[in-house]
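What's counted below: heavy atoms across the whole structure, side chains too, no hydrogens, waters or symmetry copies. Below, chain A is the first sequence line, B the second, and so on; all start at residue 1.
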Amino acid sequence: MTSILHTTRRTQGNGAYRAADIGRQVAVYGWVQAYRHHGGVVFVDVRDRTGFVQIRCESDRAAVHALALSLRPEWVVAATGKVISRGANVNPKIPTGEVEVEVDGLEVLSEAQTPPFEIKDGVHANDDLRLQYRYLDLRRPELNRNFAARSQVTQLTRKYFIDNGFLELETPILTKSTPEGARDYLVPSRIHPGQFYALPQSPQQFKQLFMMAGMDRYMQICRCFRDEDLRADRQPEFTQLDLELSFATREELYELMEGYVAFVWKQFLGVEVPLPLRRMTYAEAMDNYGCDKPDLRFGLPLTDLTETLRGQTEFRPFVAALEAGGLVKALAIADGAAFSRKDLDVTFPQEAAAHGAKGVAWARIAAAGEWSGPVAKSLSPELRAALQDRLGAAEGALVLFVADKPAVANAALARLRLVVGERLNLLDKNRWAFLWVTDFPMFEYDEAEGRWAAMHHPFTSPRPDHLERLERDPGAVLAQAYDLVLNGTELGGGSIRIHQSDVQAKVFRLLGLSDDQIRAKFGFFVDALQYGTPPHGGIAFGLDRMMMLLVGADSLRDVIAFPKTARATCLMSEAPCTVEPKQLAELHIAAAN
RNA sequence: GGAGUGGUAGUUCAGUCGGUUAGAACGCUGGCCUGUCAAGCCAGAGGCCGCGGGUUCAAGUCCCGUCCGCUCCGCCA
């Protein structure tokens with residue numbers, strides 16, 4: 001018997017069947033989603049990635065009917081037949097519910113073991129099981145859709161940038177290890193004993209070299225690798241939309257990227273993103289939200305009460321923090337009643353403690369001047385009035401205070417702000433709060449190493465008006481660096497680069513690199529800078545994170561086809577793994593234990 | 001490196017103060033069933049309670065260790 005596969009091509013995706021198809025002779029291919037036996041008639045839902053359609057196998061076709069009775073979930077089948085109306089039995093709950101296929105030919109293309117979990121939306125197995133059987137998890141409509149969406153968005157991305165004059169160029173995967181930044185994944189060289197390639201953390205230097213090479217506008221959708229610990233929004237390998245352009249200022253780059261997100265949001269979601277996007281300096285973000293990627297889907301800004309409180313209260317934690325040069329900041333929540341004593345005593349302190357805070361002081365405002373809570377008795381009526389005024393807090397409000405070193409107070413309150421926002425249901429997945437955070441500091445002091453470190457990377461250009469501060473006061477130099485933030489997630493970051501070799505040399509020196517080190521690590525790059533470098537800048541954009549937000553996923557794992565676990569393993573393939581001693585010998589390396 | 005949390009049937013979970021034979025739902029197997037579509041009805045099979053040690057007359061339950069998943073801190077230019 002000749003297989004249906006060889007005689008009749010698949011007519012269309014199974015999810016596409018509609019009333020307009022009635023009367024067509026068709027071929028349906030796919031997986032058995034479900035079957036319902038009624039003795040004389042068997043209904044089977046046949047699924048592919050476009051959806052599913054019901055086929056009907058009647059007992060008057062004995063062979064078809066007998067075979068239909070034997071079908072089991074996830075078997076792969078082919079069926080031919082005629083599309084007919086379901087008449088009075090239309091199912092309005094499914095897109096293909098008006099029709100069914102009356103089967104005249106049925107074939108099992110592949111049988112399946114009972115899967116370890118049901119292939120259905122809403123049926124969630126544990127993460128480890130899902131990862132072990134990733135190919136089955138991906139078969140679930142929900143995940144299947146995520147990857148169709150991802151394909152669509154990468155196509156939109158290419159179209160937008162190519163239409164804007166960009167060249168799609170490739171950069172090496174086997175490249176050179178660089179100091180600073182994330183830990184590199186290393187690849188031993190067989191040909192050069194004792195030497196190693198590194199996988200790229202990003203194609204940073206190569207894309208700048210493209211600018212020096214006159215490529216003008218470069219884009220790439222590229223894989224990047226960082227050997228650091230994972231998070232829900234961090235995988236060891238991830239996909240970056242990488243861009244660089246010459247002869248452009250920050251403004252031009254903002255415009256370009258704003259056009260890009262507006263294009264993707266419009267084409268993919270049908271959502272208009274109002275332009276220009278909001279902007280905020282790093283300093284403003286830290287002051288008002290305690291972090292450099294504030295979620296602006298809701299308000300709840302932080303208020304700095306340091307000067308209001310200084311010398312005005314004996315409350316020990318406040319006094320101690322102020323004496324140590326710290327600050328007191330607070331979060332005023334209008335709907336204080338939404339939070340219980342348990343939140344105040346357990347949840348909030350725990351969250352704050354994770355960021356190093358020793359505690360969270362709180363006060364409830366029953367009416368003007370009528371405060372309760374552990375801090376209240378240490379605050380005079382005048383001080384209460386001043387605080388209420390500064391906080392804009394009315395009756396019914398709850399105020400959370402954290403007094404600590406600036407970094408700790410900010411981090412703890414930024415976290416509390418998110419916890420509160422989540423509890424008040426302010427994190428609407430259908431709201432899109434884009435934000436440029438600009439003017440990052442060039443350097444931050446690394447206490448452990450006792451030296452300055454680049455906050456972004458060492459090729460970032462200082463603001464031109466801050467050049468003279470480079471040697472005098474490195475901590476005060478602001479960079480021409482920017483992050484694009486969406487709903488509290490850092491989508492991308494970039495900068496205008498240094499294109500003058502003398503400035504680049506100064507920055508390297510400031511970072512504590514000797515001439516020898518500069519030569520060894522960046523020699524080719526420093527040389528290249530001296531052969532006519534156009535002013536240029538760019539951005540790297542996390543495509544996985546953008547997809548996560550676009551499809552409403554909670555984890556990067558739902559938009560990366562074959563992701564790693566929190567311990568950077570692949571539960572399906574069992575990578576990483578040991579290798580044959582022979583392989584190690586060829587690479588001139590030995591395992592340490 | 002650290003903190004939290006989870007691991008019980010194929011799956012998702014429940015399992016009281018440590019107590020007799022470890023349950024439910026879904027799934028699976030068999031049967032019935034001609035309009036189901038989360039099909040229904042009947043019957044059945046299915047357990048190393050993550051692993052190792054300890055306490056106890058007795059451990060899924062308590063203690064210690066360990067492995068694995070997840071979340072977070074550190075880390076991530």
query = Taking the nucleotide of RNA chain B with the closest heavy atom to each, which residue, A/Gln201 or A/Gln54, is nearer the 5' end?
reply = A/Gln54
message = If you compare every side-chain N and O of A/Arg567 against the phosphate oxygens of B/C68 (OP1, OP2), does one of them come in below 4.0 Å?
response = yes
inquiry  = For the C1' atoms, the ones on B/C62 and on B/U55, what distance do you get once it is rounded to whole angstrom?
reply    = 8 Å
Protein-nucleotides 2-6 of chain B N/O pairs closer than 3.5 Å?
none

Pairing of A/Asp229 and A/Arg183 as salt bridge, 4.0 angstrom limit = no
ask   = Can we call the ring centroids of A/Tyr482 and A/Phe440 under 6.0 Å apart?
value = no
ask   = What about A/Arg130: does its side chain form a donor-acceptor pair under 3.5 Å with the base of B/G69?
value = no
query = Just one of A/Leu416, A/Val360, A/Val402 clears the side-chain contact (heavy atoms from CB on, under 4.5 Å) bar with A/Leu331, so which one?
reply = A/Leu416
request  = Please work out if A/Glu58 contacts a base, only the sugar-phosphate, or nothing of the nucleic acid, heavy-atom cut-off 4.0 Å.
outcome  = base
ask   = Can you find a donor-acceptor N/O pair under 3.5 angstrom joining the side chain of A/Arg557 to the base of B/C70?
value = no
ask   = Are A/Arg36 and B/A39 close enough that a side-chain N or O sits under 4.0 Å from OP1 or OP2?
value = yes
ask   = Is the backbone of A/Ile498 close enough, under 3.5 Å, to the side chain of A/Gln480 for a donor and an acceptor to pair up by distance?
value = no
query = Between B/G10 atom C1' and A/Gln113 atom CD, what is the distance in whole Å?
reply = 11 Å
query = When the P atoms of B/C73 and B/C64 are considered, how many whole Å apart are they?
reply = 27 Å
task = Would you classify A/Glu100 as touching base, sugar-phosphate or nothing, given that sugar-phosphate means primed atoms plus P, OP1 and OP2, and contacts are heavy atoms under 4.0 Å?
result = base
ask   = What's the CD-C1' distance between A/Glu118 and B/U11, to the nearest Å?
value = 7 Å
request  = Fit a plane to each ring of A/Tyr133 and A/Tyr135, take the angle between them on a 0 to 90° scale, and name the class: parallel (under 30°), tilted (30 to 60°) or perpendicular (over 60°).
outcome  = perpendicular
message = So A/Ser202, base contact, sugar-phosphate only, or nothing? Heavy-atom distance under 4.0 Å.
response = base
request  = Measure the acute angle between the ring planes of A/Phe348 and A/Phe339, then classify it against the limits of 30° and 60° as parallel, tilted or perpendicular.
outcome  = tilted
inquiry  = Taking the P atom in each of B/G30 and B/G46, what is the distance between them to the nearest angstrom?
reply    = 16 Å
task = Determine: side-chain N/O of A/Lys120 to OP1/OP2 of B/C26, distance under 4.0 Å, yes or no.
result = no
request  = Quote, to the nearest angstrom, the C1' distance that separates B/C41 from B/U36.
outcome  = 14 Å
message = When you measure only distances, ignoring hydrogens and angles, does the side chain of A/Arg234 come within 3.5 Å of the base of B/C75 through a donor and an acceptor?
response = yes
request  = Answer yes or no: does atom CZ of A/Arg49 have more than 12 heavy-atom neighbours from other residues, nucleotides or ligands under 6.0 Å?
outcome  = no
Nearest-angstrom distance, C1' atom, B/A43 to B/G6 = 36 Å
ask   = To the nearest angstrom, how far is A/Asp229 atom CG from B/C70 atom C1'?
value = 14 Å
What's touching nucleotides 43-45 of chain B from the protein side, N or O pairs under 3.5 Å?
none

task = Name the nucleic acid region contacted by A/Leu129, choosing base, sugar-phosphate or nothing; use a 4.0 angstrom heavy-atom cut-off, strictly under.
result = sugar-phosphate
key: Pair of N/O donor and acceptor under 3.5 Å linking B/C76 base with A/Arg226 side chain   = no
task = Apply the test side-chain hydrogen bond (donor to acceptor under 3.5 Å, both in side chains) to residues A/Ser555 and A/Asp558: give CA-CA distance (whole Å), side-chain angles for both, the deciding distance (0.1 Å), then the verdict.
result = CA-CA 6 Å; A/Ser555 168; A/Asp558 288 340; 5.5 Å; no
message = Tell me the interatomic distance from A/Arg140, atom CZ, to B/U12, atom C1', rounded to whole angstroms.
response = 13 Å
inquiry  = Using a 4.0 Å heavy-atom cut-off, does A/Thr460 contact any base of the nucleic acid, only the sugar-phosphate backbone, or nothing at all?
reply    = nothing
inquiry  = Determine whether A/Glu237 and A/Lys564 satisfy the following criterion, salt bridge (Lys or Arg N to Asp or Glu O under 4.0 Å), listing intermediate values before the conclusion.
reply    = CA-CA 9 Å; A/Glu237 58 178 300; A/Lys564 304 283 190 293; 3.3 Å; yes
task = Using atom CG of A/Leu136 as one end and atom P of B/G27 as the other, report the distance to the nearest whole Å.
result = 18 Å
request  = Calculate the interatomic distance between A/His355 atom NE2 and B/U71 atom P; express it in whole Å.
outcome  = 15 Å
inquiry  = Nearest whole Å is fine: how far is B/C68 P from A/Met572 CE?
reply    = 19 Å
message = When the P atoms of B/A38 and B/U20 are compared, how many Å lie between them, rounded to an integer?
response = 41 Å
message = Are more than 12 heavy atoms, taken from residues, nucleotides or ligands other than A/Glu98, located less than 6.0 Å from that residue's CD atom?
response = no
key: SB check A/Arg140 A/Asp137 (cutoff 4.0 Å)   = yes
inquiry  = Reading RNA chain B from 5' onward, which residue's closest nucleotide shows up sooner: A/Ala453 or A/Pro115?
reply    = A/Pro115
ask   = Roughly how far apart, to the nearest Å, are B/A24 and B/C49 at atom C1'?
value = 16 Å
request  = Answer yes or no: does a side-chain N or O of A/Arg231 lie under 4.0 Å from OP1 or OP2 of B/C73?
outcome  = yes
inquiry  = Tell me every residue that passes salt bridge (charged side-chain N to carboxylate O under 4.0 Å, His left out) with A/Arg234, counting only those two or more places apart in sequence or in another chain.
reply    = none
inquiry  = Just to be sure I understand the rule, does A/Asp127 reach a base, reach only the sugar-phosphate, or reach nothing, if contact means heavy atoms closer than 4.0 Å?
reply    = sugar-phosphate
Partners meeting side chain to side chain contact (heavy atoms under 4.5 Å, CB included) with A/Val408 (sequence neighbours left out) = A/Ala357, A/Asp404, A/Lys405
Filtered N/O pairs between nucleotides 28-31 of chain B and protein, under 3.5 Å:
unit_1	atom_1	unit_2	atom_2	d
B/U29	OP1	A/Arg72	NE	2.9
B/G30	OP2	A/Arg72	NH2	2.8

query = How about A/Phe196 and A/Tyr185: are their ring centroids closer than 6.0 Å?
reply = no
Give every donor-acceptor pair under 3.5 Å between a side-chain atom in residues 505-516 of chain A and any protein atom, sequence neighbours left out.
unit_1	atom_1	unit_2	atom_2	d
A/Ser514	OG	A/Asp516	N	3.4
A/Ser514	OG	A/Gln517	N	3.0
A/Ser514	OG	A/Gln517	OE1	3.3

ask   = Atom CG of A/Leu571 to atom C1' of B/G7: distance rounded to whole Å?
value = 14 Å
Phosphate OP1/OP2 of B/C68: any A/Thr569 side-chain N/O under 4.0 Å = no
inquiry  = When the P atoms of B/U56 and B/A45 are compared, how many Å lie between them, rounded to an integer?
reply    = 39 Å
